[in-house]
Amino acid sequence: MDEKPPISSQARRRRYRWVAIFFMSSLLFYMLFSGRAVSAYAGRYLPASSSSSSSQKPYTISQSEVSHPPVPLEIHIMSKCPDAQYCLSELVVPSMVRTSDKVNFTLSYIGTPTENDGIECKHGPEECMGNIIELCAVNLYPDVKVYLGFTNCLTQDYPEIPDSELVEECALEFGIDKEKLNECASRDTGAFGLSLLRQSIKRSAEG
């Protein structure tokens, strides 16, 4: 039986070259068609990118999809209470400084309704007046940073509430018009301010 002649090194190199070409061609076709498959998948299941053709609108996320409603936070205090001083300065104000845009804040007051639509405050009539002044600040300046800052300022010297100099000092610090506060508290011979306090106390009792 005749023996096959040995394959020359040149022929072997040609054979290896064709194998390499075949392998590279196969890899190229695989990458090409795989890329199309991935693109088709992405186009079907993923948002269109900004580089898409003009006929395709870019996917956008609406504000309602990413935002959440403000978290309700309500505190119930008395203007001449020492506990209110700690609560505001150490807990409420530092928290609101960081999260005021995410919180729906309400400031309510504690008291006891009496006959003839009156109000009794635990620390006496001066506390009732302090509550009314602070509620007038809420009514006139609904920005929580303003009225809460003003209330906290008064509460740091709560034994002096409703001293005129203290009110003026805190009003000046937070851009509040003292005359408007006085007008609010004394409107209709005090009926308007008293109605604000009555509503607030009712809210605290129901809460």
query = When hydrophobic residues are tied together by side-chain contacts of less than 4.5 Å, even through go-betweens, does Tyr158 share a cluster with Leu91?
reply = no
request  = Check step by step if side-chain contact (heavy atoms from CB on, under 4.5 Å) holds for Asn104 and Glu74.
outcome  = CA-CA 8 Å; Asn104 181 17; Glu74 183 168 1; over 6 Å; no
ask   = Around atom CD of Glu90, are there more than 12 heavy atoms of other residues, nucleotides or ligands at under 6.0 Å?
value = yes
request  = Determine the minimum heavy-atom distance between Pro70 and Val103, stating which atoms define it.
outcome  = CB-C, 3.9 Å
ask   = Does any non-hydrogen side-chain atom of Pro113 lie less than 4.5 Å from one of Ile201?
value = yes
query = Is the side chain of Lys80 donor-acceptor paired with the backbone N or O of Pro159 at a distance under 3.5 Å, no angle test?
reply = yes
key: Linked, directly or transitively: Ile133 and Ile176 (ILVMFWY side chains, under 4.5 Å)   = yes
ask   = Is there a donor-acceptor contact under 3.5 Å from the side chain of Thr155 to the main chain of Thr151?
value = yes
request  = Kindly give the cluster partners of Met78, where membership spreads through any ILVMFWY side chain lying under 4.5 Å from a current member.
outcome  = Ile110
key: Partner residues of Cys184 under the disulfide (SG to SG under 2.5 Å) criterion, sequence neighbours left out   = Cys136
message = Taking the side chain as everything from C-beta on, heavy atoms only, tell me whether Glu179 gets closer than 4.5 Å to Asn182.
response = yes
ask   = Would Lys102 and Val71 count as a side-chain contact (heavy atoms from CB on, under 4.5 Å) if you check the C-alpha gap in whole Å, the side-chain angles of each, and the deciding distance to 0.1 Å?
value = CA-CA 6 Å; Lys102 301 177 178 64; Val71 177; 5.7 Å; no
query = Atom CG in Asp188, atom OG in Ser195: separation rounded to 0.5 Å?
reply = 8.5 Å
ask   = Quick one: CD on Glu173 to CG on Asn152, what's the gap to the nearest 0.5 Å?
value = 9.0 Å
ask   = Ignoring hydrogens and geometry, is there a side-chain-to-backbone donor-acceptor pair from Ser186 to Gly190 under 3.5 Å?
value = no
ask   = About how many Å separate CG of Leu194 and CZ of Arg187, when rounded to the nearest 0.5 Å?
value = 13.5 Å
query = Measuring from Cys170:SG to Lys178:NZ, what's the distance to the nearest 0.5 Å?
reply = 11.5 Å
key: Cluster overlap Leu135 with Ile75, hydrophobic side-chain contacts below 4.5 Å   = yes
inquiry  = Minimum heavy-atom separation for Val167 and Pro162, please, with both atom names.
reply    = CG2-O, 4.0 Å
Side chains of Asp157 and Glu169 in contact at under 4.5 Å (non-hydrogen atoms) = no
key: Sole candidate of Glu127, Arg198, Glu134 that passes side-chain contact (heavy atoms from CB on, under 4.5 Å) when paired with Tyr109   = Glu134
key: Straight-line distance of Leu73 CG to Ser100 OG, nearest 0.5 Å   = 11.5 Å
query = Does one hydrophobic cluster hold both Phe192 and Ile119, with members joined at side-chain heavy-atom distances below 4.5 Å?
reply = yes
query = For the residue pair Gln85 and Ser89, what are the closest heavy atoms and their distance?
reply = O-OG, 2.8 Å
ask   = Is Ser200 close to Asn131 at the side-chain level, that is, under 4.5 Å between some pair of heavy atoms?
value = no
key: Connected via hydrophobic side-chain network under 4.5 Å: Ile132 and Ile161   = no
query = Can you find a heavy atom in the side chain of Asp143 that is under 4.5 Å from one in the side chain of Tyr147?
reply = no
Point-to-point distance, once rounded to the nearest 0.5 Å, from SG of Cys153 to CG of Leu88 = 11.5 Å
query = Do Cys81 and Lys122 have side-chain heavy atoms sitting under 4.5 Å apart?
reply = no
ask   = Does the side chain of Leu148 reach to within under 4.5 Å of the side chain of Val92, using non-hydrogen atoms?
value = yes
ask   = What do the steps show when you test Phe174 against Lys145 for side-chain contact (heavy atoms from CB on, under 4.5 Å), and what is the final call?
value = CA-CA 9 Å; Phe174 289 92; Lys145 295 185 291 294; over 6 Å; no
